[in-house]
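Okay, structure first, notes after.
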Amino acid sequence: MSRSNAGLIGRRALLGGLVAAPVVLQFGLARAADAYLFPLGVASGDPAPDGFVIWTRLAADPFAADGLGGLSGTIETRWEVAADEGFRRIVAAGQVQADPRAAHAVHVEVTGLAPGRPYWYRFTAGGQQSPAGLSRTTPAPGAHVDRLRLAVASCSNWEAGYFSAYGHMADETPDLTLFLGDYIYEYSASGERAAKAVRRYGLEEATTLAGYRNRYALHRTDADLQRLHAAAPCLAVWDDHEVLNNYSGVWPDKGGDPRPFLQRRAAGYQAFYEAMPIRRTSLDARMQMQIHKHIRYGRLAEFHMLDGRQYRSRGACVDEGGARGQIVTDAACADRLDPARTFLGFEQERWLYEGLARSDAAWNILGQDLVMAGLRFENRGEDIRYWTDTWDGYPAARDRMTEALATLKPRNPVVLSGDYHSFWTNDVKRDSRDERSATVATEFVGTSITSGGPPYEGLMSAMPANPHIKFFDSRVRGYMSIDVTPKRMITRYQTISGVRDPKATLATLNTWAVEDGRPGALAA
Ligand code: FE
Ligand code: CA
């Protein structure tokens with residue numbers, strides 16, 4: 001069916017008013033003849049001991065300009081959760097209406113399941129069946145858990161390359177996948193960069209709900225990413241490119257008028273919710289949408305998933321210009337040091353510290369978007385410079401965080417970060433200005449799935465002034481594979497052979513161990 005026919009039926013459904021439902025059903029059936037309704041696959045996430053979220057989004061024409069996937073009207077969708085891969089033992093099932101107000105995205109919060117075990121799920125609509133996905137409940141809160149395998153991703157720029165790293169993540173059969181931001185990029189390459197693009201978006205820069213929806217839809221047509229989502233539940237937080245490069249709270253990158261930007265941000269957030277298998281959340285009266293959460297994994301681990309974009313203060317000294325957020329010296333920018341500035345927002349800070357104080361898990365994993373350990377750019381004779389888009393732009397907020405870790409003493413805090421398109425192994429210091437101060441957390445920064453890394457030589461020349469950064473490499477693409485056991489966490493830096501090869505091979509760059517009770521990673 002062509003898009004104009006779909007539009008006609010949409011108008012008919014609208015004119016039909018209260019009797020729209022049968023027309024819609026007819027439409028759904030009519031579609032079945034010539035379009036597969038599940039081109040975007042399935043996903044699951046936000047696991048709990050008794051269930052998880054299962055997700056799909058129906059579409060006939062996934063990149064339709066209106067962002068509605070070539071469908072109109074509600075479409076009845078059946079979901080099933082089974083205890084076995086062959087769907088012989090269905091343990092939960094139901095019907096939902098896929099609604100055009102959510103672009104026919106379906107989120108089911110499944111409950112009543114048993115803890116700590118795998119389940120399989122699938123959807124049916126318009127006489128068609130979705131692919132099946134594998135999900136898992138978390139162990140019971142008091143359960144002793146021997147092992148947890150994580151796969152951790154960030155920064156998948158469609159134009160920068162193929163998502164073979166996502167495929168390799170799926171092959172590792174993780175218990176849980178973490179997405180730490182820049183799951184999409186809002187812009188499209190232009191000029192010389194466009195000529196170098198491995199594959200094009202074929203979409204305009206996303207600024208509207210339809211634009212953001214279509215970016216997510218395009219990503220979800222990728223076979224490797226579909227396979228990863230179908231292989232394990234995930235926890236997802238966003239970074240800047242889910243909305244706009246380097247934005248900060250309600251302020252766009254260059255510190256302009258927040259009002260039009262808030263509309264754009266709301267569109268990006270709504271599309272994120274619709275596209276991700278996360279529990280119900282919505283824009284509130286302040287046009288905010290909460291995505292931070294605690295997820296417990298038996299006695300072994302607690303995940304504190306953080307939002308480092310939405311609530312933060314305006315970027316330091318953005319009006320003074322500088323190289324897109326990188327500023328020169330404290331002398332030139334006293335604003336950076338203002339203790340009234342916040343990175344997580346004061347509400348999220350309090351929520352986090354309360355969670356850390358309460359946690360009795362063996363490992364406290366902070367999943368978040370931006371590098372937490374400090375990075376001093378210190379060249380001969382010059383004053384120290386900082387990149388202000390990361391925690392380095394908010395040193396007072398970082399001091400509150402490191403003081404909380406030092407005084408609340410949650411067991412084994414490990415920070416997992418994205419954004420920087422490079423691997424880093426860091427000691428997070430109680431006082432980022434003092435290398436001799438105590439290490440209060442271990443940090444692993446994962447490189448990008450595809451996005452190009454920052455200049456290697458330039459960054460390496462800064463490393464002698466940063467001995468708390470034990471390893472850095474921006475030349476490789478890939479992800480982190482982590483095995484958590486009660487006594488040890490093993491982190492592997494997994495790299496792909498190249499972004500231009502859709503069947504890139506995998507190698508382990510190096511491996512790190514964190515021992516129970518001893519912050520700071522050691523080469524394993
Ligand atoms: Fe990125
Ligand atoms: Ca980013």
Side-chain angles (χ1 to χ4, degrees), residues 67 154-155 157-159 180-191 193 201 203-216 237-275 283-292 306-328 332-333 335-336 338 340-348 368-371 386-394 397 418-421 451 454:
S154 62
C155 296
N157 186 313
W158 178 270
E159 294 181 320
L180 299 181
D182 292 357
Y183 184 97
I184 60 159
Y185 285 75
E186 82 287 4
Y187 63 88
S188 298
S190 56
R193 284 185 126 190
Y201 276 110
L203 300 168
E204 284 175 20
E205 174 162 344
T207 58
T208 62
L209 181 55
Y212 289 111
R213 280 172 171 164
N214 286 353
R215 296 256 155 173
Y216 287 104
V237 290
W238 54 44
D239 190 33
D240 54 339
H241 286 290
E242 280 83 354
V243 178
L244 172 68
N245 183 42
N246 286 357
Y247 83 90
S248 212
V250 298
W251 288 275
D253 50 348
K254 303 215 172 48
D257 185 349
R259 280 164 298 184
F261 175 68
L262 262 181
Q263 298 290 338
R264 180 176 181 177
R265 195 184 80 160
Y269 288 179
Q270 175 66 23
F272 179 89
Y273 167 69
E274 288 173 4
L283 290 161
D284 65 17
R286 293 178 291 177
M287 296 177 82
Q288 295 180 341
M289 180 183 278
Q290 184 181 327
I291 60 159
H292 56 273
L306 307 181
D307 177 350
R309 281 288 164 189
Q310 180 170 198
Y311 309 108
R312 67 187 196 176
S313 304
R314 191 178 184 190
C317 302
V318 284
D319 293 334
E320 275 100 283
R324 278 223 324 246
Q326 186 174 327
I327 55 100
V328 181
C333 181
D335 186 31
R336 193 181 74 96
D338 185 349
R341 296 177 69 249
T342 173
F343 190 77
L344 297 175
F346 291 105
E347 284 174 45
Q348 188 182 189
Q368 50 104 51
D369 42 350
L370 294 143
V371 176
Y386 301 93
W387 177 256
T388 58
D389 189 51
T390 65
W391 284 84
D392 266 337
Y394 303 77
D419 171 66
Y420 226 108
H421 309 174
S451 310

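- A donor-acceptor pair is defined here as one N or O able to donate and one able to accept, closer than 3.5 Å; such a pair exists between the side chain of Gln348 and the backbone of Asp307.
- Between atom OH of residue Tyr273 and atom CD of residue Gln290 there is a gap of 13.5 Å, rounded to the nearest 0.5 Å.
- In this structure Asp239 satisfies the side chain to side chain contact (heavy atoms under 4.5 Å, CB included) test together with Asp182, Glu242, Arg309, Asp369, Leu370, Asp419, sequence neighbours excluded.
- Atom CG of residue Leu306 and atom CZ of residue Phe343 lie 9.0 Å apart, to the nearest 0.5 angstrom.
- Residues Phe272 and Tyr216 form a side-chain contact, since some pair of their non-hydrogen atoms from C-beta on lies under 4.5 Å apart.
- The backbone N or O of Gly249 lies less than 3.5 Å from no partner atom in the side chain of Arg314, so there is not a single donor-acceptor pair.
- No donor-acceptor pair closer than 3.5 Å links the side chain of Asn157 to the backbone N or O of Ser451.
- Under 3.5 Å, the side chains of Tyr212 and Arg264 contain a donor-acceptor pair of N or O atoms.
- With Ser188 contributing its side chain and Leu203 its backbone, the two residues share a donor-acceptor pair below 3.5 Å.
- The shortest side-chain heavy-atom distance between Arg312 and Tyr394 falls under the 4.5 Å cut-off.
- In this structure, CD on Gln288 lies 9.0 Å from CG on Leu262, to the nearest 0.5 angstrom.
- Interatomic distance, Tyr185 OH to Leu244 CG, rounded to the nearest 0.5 Å: 13.0 Å.
- Of all heavy-atom pairs between Gly67 and Asn214, the closest is CA-OD1, 3.7 Å.
- In terms of heavy atoms, Val250 sits closest to Pro258 at O-CB, 3.1 Å.
- Looking only at side-chain heavy atoms (C-beta outward), Met289 and Gln270 come within less than 4.5 Å of each other.
- Residues Thr208 and Ala267 approach most closely at C-CB, 3.9 Å, considering heavy atoms.
- Not counting sequence neighbours, Ser313 has no partner by the side chain to side chain donor-acceptor pair (under 3.5 Å) test.
- Remark: the backbone N or O of Gln310 is paired with a side-chain donor or acceptor of Arg265 at under 3.5 angstrom.
- Residues Trp251 and Val318 fail the side-chain proximity criterion, which asks for heavy atoms closer than 4.5 Å.
- Legend: residues meeting side chain to side chain contact (heavy atoms under 4.5 Å, CB included) with Arg259, ordered by chain and number and at least two apart, are Asp257.
- Under a 3.5 Å cut-off, the side chain of Arg341 and the backbone N or O of Gly393 do form a donor-acceptor pair.
- Classification of the Tyr247-Phe261 ring pair by plane angle, with boundaries at 30° and 60°, yields tilted.
- Between Thr390 and Tyr420, the side chains place no donor N or O within less than 3.5 Å of an acceptor N or O (distance only, hydrogens not considered).
- The shortest side-chain heavy-atom distance between Tyr386 and Arg336 falls under the 4.5 Å cut-off.
- Glu186 places a side-chain N or O within 3.5 Å of a backbone atom of Asn245 that can act as its donor or acceptor partner.
- With values rounded to the nearest 0.5 angstrom, Thr342 atom OG1 is found 10.0 Å from Glu347 atom CD.
- Within a 6.0 Å radius of CD in Glu204, other residues, nucleotides and ligands contribute 12 heavy atoms or fewer.
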